[in-house]
Structures are given as structure tokens and as C-alpha cells.
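Following: one structure in C-alpha cells, then a few remarks.
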Amino acid sequence: MKHRMTRGFGIDAAETAALTIVDPRATERIVEACDWRQIRTKEKNRIDNALRKLNAHDRAFARAVLGGKSWRDLCMPKSTFSVRLKKVEKIFLCP
């Protein structure tokens with residue numbers, strides 16, 4: 001059984017290598033074929049719907065956090081950041 005798994009992996013790797021050699025852009029073509037715009041649009045719509053439930057002050061905070069800001073970047077105490085983040089997370093997690 002051990003040899004069979006190794007042999008299967010080797011054959012699969014050889015076939016993948018052969019396909020890649022024939023078409024060096026094989027991986028790129030697969031990624032390009034995916035409809036990333038539709039996926040990103042759905043995610044953006046979900047985020048926008050969740051943000052609408054927040055007041056303006058919390059909405060600005062949520063957008064900053066989604067943009068990668070930390071408690072240090074926002075110049076606020078870590079405990080305040082955590083409390084506000086928990087409040088925003090509840091909105092995002094509720095359907």
C-alpha cells in the first residue's frame with residue numbers, strides 16, 4: 001500500500017509537470033478563468049449591508065479596522081478598541 005501511494009503521487013506529479021511544461025501559463029489561466037469579480041462583489045455587498053446597521057461613528061471605526069488599522073493606528077486604548085470591535089463583530093456575525 002505504501003508503494004502504491006508513492007507511485008500514484010509520482011505519476012500525478014509527472015503529469016502535472018508535463019502539462020506545465022506544455023503550457024507554462026496553466027496556473028495563471030485557471031486563476032483567470034475564475035470569476036473573482038463576482039465573488040468580490042458578493043463580499044462587498046455583505047460588508048456594506050452589515051455596515052448600514054451601524055451608526056456613523058461605529059461605521060467609520062469598522063471601515064478603519066477593515067482597512068487594516070490597529071488600536072495604535074487609531075490612537076485609542078486597547079480596551080476601548082476591543083469593546084468597539086466586539087460590538088462591530090456582533091453586527092457582522094448576525095444574519
Side-chain angles (χ1 to χ4, degrees):
M1 190 69 159
K2 190 174 187 180
H3 297 292
R4 186 174 184 182
M5 290 172 61
T6 305
R7 181 175 174 211
F9 174 78
I11 292 170
D12 185 44
E15 184 178 1
T16 304
L19 290 172
T20 307
I21 291 169
V22 172
D23 184 7
R25 290 195 61 233
T27 306
E28 293 172 19
R29 289 182 199 278
I30 292 169
V31 171
E32 288 171 0
C34 293
D35 192 4
W36 295 108
R37 284 178 284 161
Q38 181 183 7
I39 294 169
R40 288 185 183 137
T41 304
K42 286 181 181 179
E43 289 174 358
K44 186 178 181 312
N45 289 341
R46 288 182 190 150
I47 291 170
D48 288 342
N49 288 337
L51 288 174
R52 282 189 200 108
K53 297 177 185 178
L54 298 169
N55 61 33
H57 187 63
D58 289 333
R59 190 177 306 133
F61 171 77
R63 287 190 190 277
V65 171
L66 288 170
K69 301 281 185 179
S70 68
W71 62 274
R72 289 185 181 121
D73 298 330
L74 296 173
C75 299
M76 67 172 52
K78 191 174 184 179
S79 59
T80 305
F81 181 85
S82 297
V83 169
R84 290 185 68 189
L85 185 61
K86 189 177 288 188
K87 178 181 178 182
V88 170
E89 284 176 348
K90 283 182 184 178
I91 298 295
F92 275 89
L93 295 177
C94 291

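One is the number of the first residue; the rest follow in order along the sequence.
- Rounded to the nearest 0.5 angstrom, K78 NZ and L85 CG are separated by 12.0 Å.
- Two residues are said to be in side-chain contact when any heavy atoms from C-beta on lie closer than 4.5 Å; V65 and F81 meet this criterion.
- Annotation: side chain of R84 is in contact with side chain of H57 (closest heavy-atom distance under 4.5 Å).
- Distance NZ/K87 to OG/S82: 15.0 Å, rounded to 0.5 Å.
- Atom CZ of residue R59 and atom CG of residue D48 lie 10.0 Å apart, to the nearest 0.5 angstrom.
- Pairing each heavy atom of D58 with each of N55, the nearest pair is N-OD1, 2.8 Å.
- Closest approach of G68 and D73 over heavy atoms only: O-OD2, 4.1 Å.
- Within the 4.5 Å cutoff, side-chain heavy atoms of I47 are placed close to those of L66.
- With sequence neighbours excluded, the residues that form a side-chain hydrogen bond (donor to acceptor under 3.5 Å, both in side chains) with R52 are N49.
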